[in-house]
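Here's the structure, in structure tokens; my notes come after.
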Number of protein chains: 2
Amino acid sequence: MNNFIYDLSTKIYFGKGQIENLPTEIKKHGTKVLFLYGKNSIKKIGLYDEAIKLLNKNNIEFVELAGVDPNPRLSTVKEGSRLCRENNLDFILAIGGGSTIDCAKAIAVDVFYEGDTWNDLYKFGKVDTIKKVLPVGSILTLAATGSEMNRNTVISNEETEEKYGLGCDLLKPKFSILDPTYTFSVPKNQTAAGCADILSHLFEQYFNPIKKGFVSARIGEAIMKTVIEYARIALKEPDNYEARANLMWAGTVALNGTASAGKPGDWSVHGMEHELSAKYDITHGVGLAILTPRWMEYVMNDENVYRLADYARNVWGSREEDDKAAAKEGIAKTKDFFLSLGIPMTLKEVGINEDRLAEMAKKATEFYKIGAMKNMDWQDVYNIYKMSL
Amino acid sequence: MNNFIYDLSTKIYFGKGQIENLPTEIKKHGTKVLFLYGKNSIKKIGLYDEAIKLLNKNNIEFVELAGVDPNPRLSTVKEGSRLCRENNLDFILAIGGGSTIDCAKAIAVDVFYEGDTWNDLYKFGKVDTIKKVLPVGSILTLAATGSEMNRNTVISNEETEEKYGLGCDLLKPKFSILDPTYTFSVPKNQTAAGCADILSHLFEQYFNPIKKGFVSARIGEAIMKTVIEYARIALKEPDNYEARANLMWAGTVALNGTASAGKPGDWSVHGMEHELSAKYDITHGVGLAILTPRWMEYVMNDENVYRLADYARNVWGSREEDDKAAAKEGIAKTKDFFLSLGIPMTLKEVGINEDRLAEMAKKATEFYKIGAMKNMDWQDVYNIYKMSL
């Protein structure tokens with residue numbers, strides 16, 4: 001196993017009714033809150049009213065900022081940090097899915113950052129220059145990104161058509177409230193895309209030809225099996241608590257460091273997908289689902305096939321004795337699974353044609369080749385995009 | 001899934017050479033240290049010298065207390081807390097296995113506790129009366145108890161021949177340093193007992209007839225598979241880094257809340273074993289290994305057999321289609337596995353005969369019936385002890 005530091009400082013309140021802990025938790029960290037959310041869904045489910053009522057009852061001041069988009073934008077981040085500075089806000093409460101939480105983290109950095117946030121931090125990764133951030137807390141409404149318990153944020157710059165991630169320990173939420181009932185009303189397509197996102201996080205940490213970190217690989221498989229078990233149940237029975245709860249917790253554990261502890265990963269599919277959603281604003285989870293089986297097929301070779309075979313046997317129960325045959329079965333089942341969730345499984349279906357494939361492939365490999373199962377240059381990425389049309 | 005709070009505040013430094021972080025971490029929490037360890041093993045492997053050198057070089061004062069026993073004793077706890085008070089120590093560094101870390105936690109409580117520690121806290125569980133404790137940090141030298149990342153301590157009272165656990169959030173170590181090379185020299189019998197202890201923790205969280213917490217059950221299986229994969233390798237090749245590393249991390253994740261999140265457990269085998277080691281001072285992991293397969297056999301019924309069958313299929317790869325047949329295969333494989341590690345698998349082999357079985361069975365069920373797979377009274381416990389002779 002590789003050396004690692006495991007430091008999960010976010011306190012999780014999981015389960016029905018846990019919102020009652022909101023005022024106490026906010027008061028530990030701040031006094032005047034940026035109340036950040038996306039569109040109207042939190043109003044439809046009554047969560048908006050519930051949270052506002054708790055803040056008012058506990059005399060916690062706040063300023064609202066609504067309208068965070070999926071693939072959250074740099075312009076929203078800038079607006080949020082302006083609001084924080086102008087109103088002397090000292091805490092950010094994100095209510096929503098990963099986009100809202102990512103946006104909150106990005107605001108938390110931008111408030112104090114004196115350089116060019118986009119270029120310094122997102123594009124060139126000078127994370128060490130971050131000295132101070134606002135504390136963030138979250139109430140999660142979508143099982144997907146894991147942002148509720150990790151150090152990462154991904155932001156899109158709509159002007160430059162770029163999308164980059166940033167990771168910094170200071171950005172871990174102080175607390176996150178995970179109440180599965182808030183996800184009962186998530187529409188089918190978003191539920192499906194969220195499940196694809198969770199699986200993709202697990203794949204990125206799992207797939208690597210180096211045989212290190214058995215325990216983390218097995219834990220990754222355990223969470224994959226959970227998503228596979230409950231995704232279809234949640235689509236059929238949107239208010240099945242056990243299904244929603246397992247998916248919600250799966251999404252959190254999938255990307256809080258537990259499935260990667262001491263284990264090298266791959267992360268090329270995310271790199272490839274970020275180009276798609278930066279240029280075409282498609283749903284991140286859908287882009288990941290489309291690319292994943294093609295990527296698996298493309299990168300498979302004699303050295304790494306054992307890992308794909310492990311995946312097929314341990315996650316999908318393949319009984320093929322030959323590694324290559326097992327791997328192929330696993331890849332086919334992966335694609336079938338995404339199809340069974342109703343995810344459009346070609347780029348064309350989401351409005352992407354051949355036009356900008358080469359441009360995106362070059363951008364995805366602008367700074368270095370990507371991936372560990374196969375270290376890929378732009379031509380490789382281009383080939384995978386083509387296979388995905 | 002049941003509601004839960006997940007709050008893993010212990011910072012883990014995992015891997016070779018991580019001891020370099022010791023001075024910085026201590027200085028975050030204290031200035032004058034109780035340096036606590038067991039027998040001579042940390043001297044043999046050079047860890048004692050290494051730690052002392054780091055403390056001296058960084059001008060961190062300390063007072064030594066050596067001689068913590070396996071099944072750590074209340075008398076040592078009392079001696080430690082006296083040392084802390086007399087020398088105004090403000091931090092406890094535990095170097096050793098679970099016994100030393102448990103002892104450190106117990107000292108951390110006893111230093112400030114004004115009531116009768118044993119009766120109030122261990123025997124009658126009035127944990128809310130704990131208001132203040134000393135901060136604890138650890139350097140782990142044995143893969144077993146998980147105490148390095150949790151809120152629990154188990155202490156033996158040699159005068160009353162009692163052994164009880166205590167759990168309190170304040171007792172989570174501030175940091176733990178997990179360097180697998182420190183476990184290279186752990187003798188075969190202790191390595192085996194440690195593996196049995198880890199498996200038993202997983203069993204206690206896993207076995208329950210209620211179908212809740214799929215994801216945590218699967219994660220439990222993942223860690224079980226890790227122990228099974230690497231225990232025999234570590235016995236054959238004591239300095240196999242990957243084996244020792246996987247076992248070490250398995251022991252930590254096995255009992256830090258991840259395998260029980262939202263999921264009810266059982267915990268009766270620990271209750272039964274504590275009587276054995278309280279009365280006969282046997283190795284805890286050995287006692288657990290002896291009782292486990294007999295307990296599985298004894299409690300199996302129509303309602304819970306599916307869980308034993310899941311265990312057999314997912315952990316041992318059983319292909320029996322009938323639940324009962326699969327369960328029996330899993331139980332047999334569990335016993336065979338412990339035997340293959342060289343663990344004495346009868347009570348007689350560890351010096352326990354019929355004499356005190358009834359007394360221990362009554363004591364184990366003194367306050368309430370124990371267990372969830374089957375809720376057991378003293379007669380049930382007595383029957384399992386008898387089966388284990």
Side-chain angles (χ1 to χ4, degrees), chain A residues 1-18 21 149 175-176 178-180 211-227 229-230 241-254 256-259 261-263 313-315 317 319, chain B residues 1-18 21 149 175-176 178-180 211-227 229-230 241-254 256-259 261-263 313-315 317 319:
Chain A
M1 283 171 79
N2 292 339
N3 283 12
F4 63 90
I5 291 173
Y6 191 74
D7 183 17
L8 305 191
S9 55
T10 304
K11 185 169 188 177
I12 300 289
Y13 291 92
F14 189 98
K16 200 173 172 180
Q18 292 283 20
N21 298 291
M149 200 181 185
F175 66 87
S176 287
L178 277 56
D179 181 336
K211 288 188 187 183
K212 276 184 177 179
F214 183 99
V215 59
S216 305
R218 298 293 86 77
I219 289 175
E221 291 164 353
I223 311 171
M224 293 176 204
K225 284 194 274 190
T226 304
V227 177
E229 174 80 13
Y230 285 110
Y241 186 87
E242 197 62 17
R244 293 292 195 179
N246 272 284
L247 290 174
M248 190 171 229
W249 186 234
T252 304
V253 201
N256 72 355
T258 309
K263 186 184 177 316
R313 293 182 188 123
N314 297 340
V315 176
R319 295 198 178 174
Chain B
M1 284 171 76
N2 292 338
N3 283 12
F4 63 91
I5 291 173
Y6 191 73
D7 184 16
L8 304 191
S9 56
T10 304
K11 185 169 187 177
I12 299 289
Y13 291 94
F14 189 98
K16 201 174 171 178
Q18 294 283 21
N21 297 293
M149 199 178 186
F175 66 87
S176 286
L178 276 58
D179 181 336
K211 288 189 187 183
K212 275 185 177 180
F214 183 99
V215 61
S216 305
R218 299 292 88 74
I219 289 175
E221 291 164 354
I223 311 171
M224 292 176 204
K225 285 195 272 191
T226 304
V227 178
E229 175 80 11
Y230 285 111
Y241 187 86
E242 197 61 19
R244 292 293 194 178
N246 271 284
L247 290 175
M248 190 172 231
W249 187 233
T252 305
V253 201
N256 72 356
T258 309
K263 186 187 176 314
R313 293 181 186 124
N314 297 340
V315 175
R319 294 195 180 176

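No experiment lies behind these values; they were computed from the predicted model shown. Scope of the values below: all heavy atoms of this structure, side chains included, with no hydrogens, waters or symmetry mates. Sequence lines set the chain letters: A, B, ... in the order given, protein chains first and strands last, and positions in each chain run from 1.
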- Task: Give a yes or no answer on whether the side chain of A:E242 reaches the backbone of B:G213 with a donor-acceptor pair at less than 3.5 Å.
- Result: yes
- A:Y13 side, atom OH; B:D7 side, atom CG - distance, nearest 0.5 Å: 7.5 Å
- Task: Under 4.5 Å, counting heavy-atom pairs only, tell me which of A:K225, A:R244, A:E221, A:K212 racks up the most with chain B.
- Result: A:K212
- Residues in side-chain contact (heavy atoms from CB on, under 4.5 Å) contact with A:D179, at least two apart in sequence or another chain: A:K16, A:T181, A:Y182
- How are the rings of B:F14 and A:F4 set to each other: parallel, tilted or perpendicular (split at 30° and 60°)? parallel
- Task: Among A:I219, A:L8, A:N246, A:T10, single out the residue with the greatest number of heavy-atom pairs under 4.5 Å to chain B.
- Result: A:N246
- Query: Which one of A:A245, A:S216, A:G17 has the most heavy-atom pairs closer than 4.5 Å to chain B?
  - Reply: A:A245
- Item | Selection from B:N314, B:L178, B:N3, B:V227 maximising heavy-atom pairs under 4.5 Å formed with chain A | B:N3
- For B:Y230, enumerate each residue passing the side chain to side chain donor-acceptor pair (under 3.5 Å) test, keeping only those at least two apart in sequence or located in another chain. none
- Note on the structure: Bottom line for A:V253: the part with an atom under 4.5 Å from chain B's heavy atoms is side chain
- If you round to the nearest 0.5 Å, how far is OG1 of A:T258 from CH2 of B:W249? 7.0 Å
